[in-house]
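The sequence lines fix the lettering, A, B, ..., with proteins before strands; numbering per chain opens at 1.
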Amino acid sequence: MRVKSRISSVNLFFLLVQTMIGVGLLSLPHQTHESAGSDGWISILISGFFIQLIVLLIWLLCRNFPNLTLFDFSKVILGETSGTVLNFLYIIYLLTMISYIFVIYADTLKRWILPETPVWILFLIEFILLIYGSICNVKNLVSLFSLLFIFILFLFFITFLVYGDPYIDIRYLFPIGSSGGWNILKGTNDSMISFIGFETLLIYFAFIKQSKTISALKGVFLAVLFVTIFLTYIVILSTVMLSPEEIKITPEPVLYILSAMEIRILSRLDLIFLSFWGLIIFTTIISYSFSASMGISKLIHIKHKFAVILSGTFVLIVSIIFYYMEITLLEKWLKHLSLIFGIIIPILLLLITIIFKRGAASTYEKN
Amino acid sequence: MRKIELFLIFFILPLLAGCWDERLLKNSRTVYLSGFDLVENGDYQTTSIIRDMNISESSRGEISISNQLVTGKGGSIKEASMTIDQSVPGNYDPAKGRTLILGIDVAKGDIYNVLDSLYRDPRVDLNAKIAMTDNSANELITHLSENEVEKGEYLYELIHSSETHSEIQDITLKSIRTYLFDEGKDFMLPYLSKDEEDNEVKIKGTALFNDNSFTGQFLSPDESTLLLLFMETQSPKALLTEQLDEKAGGSVSYNVKSVSRKLKLEKEEKVHANIMLQLDVEIVDYPPDHLDKQETIIFLENRLSKILTEKADGLFKKLAANQSDVLGLGRELIAFHPSIWKEIMGVNYYEHILINPEVKVNVRSSGIIL
C-alpha cells in the first residue's frame, strides 16, 4: 500500500527534530556524567556522529522501497508471516516507548510542580492530547511540529539567562578526556537513548518527495546535527554549572539550575522551562503514536482514527501499570530495546535486502 | 449543542492541573527566617520567624503584620519542622525563607546534614542567603524578633549590602551545594555576631570553611575583600583603606575598579602557587591631594602594593593554617595540572600548596578632583 501525501526535506527536518528531542533532555547530563564524568559532552558528540551513520543506513534501506513504510516493506523483505510479526513487534515497541514517555513526564511534573495532583489526571491529559494530536495526516503533523519548533528555540533562550550566574566554572570541563576512552564510549552507549526517535524515519521516509536523491537525506542530517548540538550544549551547560559530585545526585540538572535563577521579578525559571518542555514531549508522543497507529491500521485493517484510539488506550493502561512498577527496570529494558529496534533490525533488514536483492520491484510483481 | 458544551466544560475542569495544587496564602504560615542549632544528644533545633498577614474586617481591609517566633526539636531537620508544624495552626511552610542561619555547633559539624532536606523540596527558594553565627542561631533569632521590626528582611538586607561592598562572598543555597560537593574548593560564610554594646546584630567578617565544616577561624571584612579580589569575584564596589605614615598624610581610601590575576602553579618540593594580582584603583579619599604629580602617584602605588602584598601574605598564612582552599587552587590543579593533583590529592591536599602572593596597584583615577 503506497502512501499518498508527500512532504519535503525541510518538513522531515522538523518531524525528526521534534521526535528526537524529548524526554531524555532533562536527565541527560546526569546520565552521561555517571559513566563519562566531565567528558559527557564528548560522548554526545560521538553518539551524534554514530546516529548520522545509522540514519544513512536507514535511508539506504528505505530508498529501495519508495513510498513504502516499514510496515509494508518488512513483508516484502521477510515474507508475509515474519513481516507481520516484525510489524507487530515494532508497534509494541513504539507503544512501550510512548508509555515510558508518559511515565517520565508524569513523574517529573509530579516531583517538580504538581505534587498534589493525582497521577491519573496527568495521564488523562496526555491521553487526550495523544488522541487529539495523532488523528491527522502527515501534512497536519508537519505543520504542527514546525510551529512548535519555536518552543525548542525558547528552551535555548531560557538557558541563555543562566550566564548571569557568577558561579559558572569552566574548569569543571577540564582536563578534557580525563575519564578515559573506554568510559567515554560507555557514556556514548548511555546517551544513545536520548537520540531515540530516529527509528521513525523507517516510516517517514515513505512520505518524502524524492526519496532516491540525496536531497532527501539533507533534512535528516541537519536534524541529527541540530539535536546533537542542542544536547551537547545542555550537557556542557550543566557540567559548567554544577560540580561533578553534585551532578551525580541531581537527576534533572537543567531544572535544578533553572530553579535557582532569578531575573528581576521572575524567579523559578524551571516552571517556564517545564511548560515548554511539555510541548516538546507531546510532539514526541504524537509522532510515535502516529507511526504506531499507522502500523495498527495496516495490521488489522481499520481506519487510522480507530487505530489511534486503540493505541492511546493501550498506552494509557500500560503506563499506569508501569507507573506503579519499578521504573528503573523499564529504563534498562528500553535502552536495549531501542538499540535493537533502532539500529540492529534496520541493519539486518538492509543486509537481507542487499543479499537477496529485494526491492520495490518485487512489490509490483505481487500487485 | 449547548448541553454538550456544558458537559465538556465539566469534563475539562478536573484536568486543569493548577486546581489540584493550589496553595492559598491564607492557609500557609510563611517563614521568613530560619535558624538551625545542634542541641544536646545530637538533636537539631529549628527556630523560625513566621509572618502572618491579618486582614482585619473592622478597619476597612487594612493589613496588619505580626510575627511569631517558633522552635522545634527533632532528630533531623525535617522532624524538627514537623514538631513546629504540630505546634502552629496552619501549614508551616519553610519554602519562602530568604535567610538561613547556622548555629556555631552546626557549622562545626558537616553542614550538609542540615541542608539536605531543603534540596529535596522543589519549592524551596534556592536563592536564600546562608550565614553562620558565633553563638546559637536560636539566640540570634530571638534577639532579632524582640528588637527589629523587619526581622527576616533585616538580615537579608544586611548580608546583601555587605555583598555589594565585597565584604563577603555571595553564597546562596544553590552555590553552597556546588562547594560542598567539590573536593577542590572551599568557601566562606558571613559570620554574624550580636554586638553587646550596640545591642545589634552585625557582620563580623567571614567564616572560613574546610570541606563541609567551619574551621574556627574568621576573617575581618578587609581581609575577605582582599581575598575576594584574589578570587576575582569582587562586586563593582570594593572599598579599602590603608594607613600610611604621618609624613605621607595619614590614610588613603581607594576603590578597586578592576582586577587581573595571573596564577602560576609549579611543583617543586611543594606546589608553589605564584599569584600576581594587578589592581586598577580609584582614589576616593586622600586629603593631601596633589595627585596630578607623577611622583605622588608612583609613591602611592608603591606604598599600596607593598602594604597589600604584606597583608596578602598574612591572609594566605591564615588560610594555610586552617587548610581552607577558598581560592579554589585544588580545582585549578585538577583541571590544568592533573599530574600534580595525582601526587597531592587527598583530604589534606592544601598542606602541599605554598602560596606566594604579589599585589601591584595602579592608580587609574581620582574622582573629579586631582
Side-chain angles (χ1 to χ4, degrees), chain A residues 37-38 106 108-129 162 165-178 240-250 252-253 255-263 267-271 274-275 278, chain B residues 8 11-23 95-96 98 112 116 119-128 163 169-185 187 228 231-235 263 328-342:
Chain A
S38 56
T108 313
L109 278 196
K110 213 165 152 49
R111 271 185 304 128
W112 280 89
I113 44 180
L114 304 169
E116 267 139 65
T117 310
V119 185
W120 61 268
I121 290 277
L122 296 172
F123 281 140
L124 202 61
I125 295 174
E126 290 167 314
F127 172 72
I128 290 170
L129 277 172
V162 168
D165 195 296
Y167 285 96
I168 287 182
D169 195 342
I170 53 163
R171 290 179 299 188
Y172 288 137
L173 287 175
F174 293 96
I176 293 170
S178 63
V240 164
M241 290 290 294
L242 302 173
S243 56
E245 292 301 311
E246 198 181 5
I247 295 192
K248 286 189 185 152
I249 54 160
T250 315
E252 286 101 12
L255 286 183
Y256 174 75
I257 292 166
L258 286 172
S259 73
M261 289 320 295
E262 221 177 30
I263 31 165
S267 62
R268 290 297 305 274
L269 288 179
D270 55 322
L271 303 184
L274 266 180
S275 13
Chain B
L8 273 179
F11 184 66
I12 287 169
L13 269 179
L15 294 183
L16 299 174
C19 301
W20 294 85
D21 266 283
E22 67 167 11
R23 285 179 309 118
K96 282 274 174 210
R98 300 224 71 187
Y112 187 72
D116 184 71
Y119 293 121
R120 291 179 193 277
D121 185 351
R123 285 186 284 119
V124 163
D125 181 8
L126 285 173
N127 283 306
E163 267 166 18
Q169 196 180 358
D170 177 5
I171 288 277
T172 59
L173 202 50
K174 177 185 168 279
S175 62
I176 201 172
R177 187 164 175 256
T178 311
Y179 286 104
L180 291 175
F181 282 100
D182 195 334
E183 51 189 336
K185 264 187 199 172
F187 59 98
L228 286 173
M231 295 159 71
E232 290 184 291
T233 52
Q234 83 287 2
S235 326
L263 176 64
L329 290 175
R331 184 42 66 181
E332 191 82 20
L333 285 171
I334 296 172
F336 300 120
H337 306 273
S339 55
I340 301 180
W341 175 252
K342 279 216 180 87

Nearest atoms (heavy-atom pairs only) where B:Arg123 meets A:Arg268: CA-NH1, 3.8 Å
Step-by-step side-chain contact (heavy atoms from CB on, under 4.5 Å) determination, B:Thr178 to A:Tyr172: CA-CA 11 Å; B:Thr178 311; A:Tyr172 288 137; 3.5 Å; yes
A:Pro244, part contacting chain B, at a heavy-atom distance under 4.5 Å: side chain
Chain A contact via B:Asp182 - which portion, at a heavy-atom distance below 4.5 Å: both
Heavy-atom closest contact (B:Lys174 atom, A:Ala260 atom, distance): CD-CB, 3.0 Å
Derivation and outcome, side-chain contact (heavy atoms from CB on, under 4.5 Å), residues B:Tyr119 and A:Ile249: CA-CA 11 Å; B:Tyr119 293 121; A:Ile249 54 160; over 6 Å; no
Residue part contacting chain B, namely of A:Met261, when any heavy atom lies under 4.5 Å: backbone
4.5 Å side-chain heavy-atom contact, B:Leu126 and A:Tyr256: yes
Flag side-chain contact, heavy atom, 4.5 Å: B:Arg177 against A:Glu246: yes
From B:Glu332 atom CD to A:Phe174 atom CZ, the distance as rounded to the nearest 0.5 Å: 10.5 Å
Part of A:Asp169 lying under 4.5 Å from any heavy atom of chain B: side chain
